[in-house]
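This chain uses plain numbering: 1 for the first residue, then up along the sequence.
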Amino acid sequence: MTMQRYKTLMTLGALLGALALPAQAQQDDAQDADARWVSGDLTTYVRSGPTDGYRIVGTLTAGDPVELLGTQGDYSRVRSQSGDVVWVPSSDLQGEPSAKVQLPALEKRVQDLSEELSGINETWESRMASLTETLDAREQRIADLEQRNQALESESEHASDTVRELQARLDTQEEDLLMRYFMYGGGVAGAGLLVGLIVPHLPRRRRKRDRWF
């Protein structure tokens with residue numbers, strides 16, 4: 001799911017929630033039998049009694065809330081916000097606020113939710129940026145470690161080759177040294193044998209006798 005689609009779904013969910021809240025409030029208000037609102041788009045005339053024969057004593061504007069006190073015939077006895085008790089046609093009353101009255105509250109709610117969503121989006125983007133930065137740093141660290149490991153493996157292989165080469169040279173030198181020992185030892189033995197054969201055949205000097213004069 002892309003970030004743009006995620007934001008769109010969040011916005012739609014918030015707007016639906018905003019519409020659901022006033023609807024719930026309307027249901028709660030509708031449960032109150034005394035709560036009524038003037039319906040229609042124009043003003044409604046109110047009378048001093050429950051029939052058209054009674055004189056008009058004022059008007060109520062569409063969307064005005066009133067308190068239902070009772071009904072008689074086609075008229076309802078209500079108390080206005082100003083505290084006046086008058087009679088108004090029952091057909092001009094409804095059990096929930098009109099759309100005209102609800103609209104400013106809905107617009108305000110949508111605006112508040114939009115601002116809240118904007119803050120959530122900024123927080124989300126900030127966290128995503130931080131996580132992305134951390135992930136990039138870790139990936140770079142892993143790449144550096146892998147490169148270092150490869151370098152160490154290469155150095156280890158080179159060192160092993162060097163050790164093998166030195167060991168081969170040492171074995172060769174040991175063999176050469178051993179051959180020299182054998183040669184030196186054979187030469188010494190041969191020379192001793194030759195001396196042993198020659199010395200017995202050398203002429204011996206005779207000792208002079210001492211004479212007394």
Report yes or no: does [X] contribute a side-chain atom to a donor-acceptor pair with the main-chain N or O of [Y] at less than 3.5 Å?
X      : Y      : value
Ser154 : Gln150 : no
Thr162 : His158 : yes
Arg47  : Tyr54  : yes
Asn121 : Leu117 : yes
Thr172 : Ala168 : yes
Ser156 : Leu152 : no
Ser130 : Ser126 : no

Just wondering, more than 12 heavy atoms not from [X] lying within 6.0 Å of its [atom1]?
X      : atom1 : result
Glu133 : CD    : no
Gln147 : CD    : no
Asp74  : CG    : no

How many angstroms lie between atom [atom1] of [X] and atom [atom2] of [Y], to the nearest 0.5 angstrom?
X      : Y      : atom1 : atom2 : answer
Leu68  : Ser90  : CG    : OG    : 8.0 Å
Lys108 : Gln111 : NZ    : CD    : 6.0 Å
Met128 : Leu135 : CE    : CG    : 9.5 Å
Ser160 : Glu155 : OG    : CD    : 11.5 Å
Ile142 : Asn149 : CD1   : CG    : 13.0 Å
Asp171 : Glu174 : CG    : CD    : 5.5 Å

What do the steps show when you test Gln140 against Asp144 for side-chain hydrogen bond (donor to acceptor under 3.5 Å, both in side chains), and what is the final call?
CA-CA 6 Å; Gln140 183 62 40; Asp144 293 341; 3.0 Å; yes
If every non-hydrogen atom of Leu69 is compared with every non-hydrogen atom of Val78, which pair is closest and at what distance?
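In this case the closest contact between Leu69 and Val78 is CD1-C, 4.1 Å.
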At their closest point, which heavy atom of Trp87 faces which heavy atom of Arg77, and how far apart are they?
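Heavy atoms of Trp87 and Arg77 come nearest at CZ2-CD, 3.4 Å.
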Pair Asp52, Tyr75: side-chain N/O donor-acceptor within cut-off below 3.5 Å:
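Indeed, the side chains of Asp52 and Tyr75 share at least one donor-acceptor pair under 3.5 Å.
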Step by step, work out the side chain to side chain contact (heavy atoms under 4.5 Å, CB included) result for Met179 and Asp176.
CA-CA 5 Å; Met179 290 297 296; Asp176 293 342; 5.6 Å; no
Derivation of the side chain to side chain contact (heavy atoms under 4.5 Å, CB included) call for Val88 and Val66
CA-CA 10 Å; Val88 62; Val66 295; 5.9 Å; no
Got Glu139 and Asp136 here, is their nearest side-chain heavy-atom distance under 4.5 Å?
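They are in side-chain contact.
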Do Pro89 and Thr44 make a side-chain contact, defined as non-hydrogen atoms from C-beta onward lying under 4.5 Å apart?
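Sidechains of Thr44 and Pro89: in contact.
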Check step by step if side chain to side chain contact (heavy atoms under 4.5 Å, CB included) holds for Ser80 and Asp64.
CA-CA 8 Å; Ser80 66; Asp64 285 349; over 6 Å; no
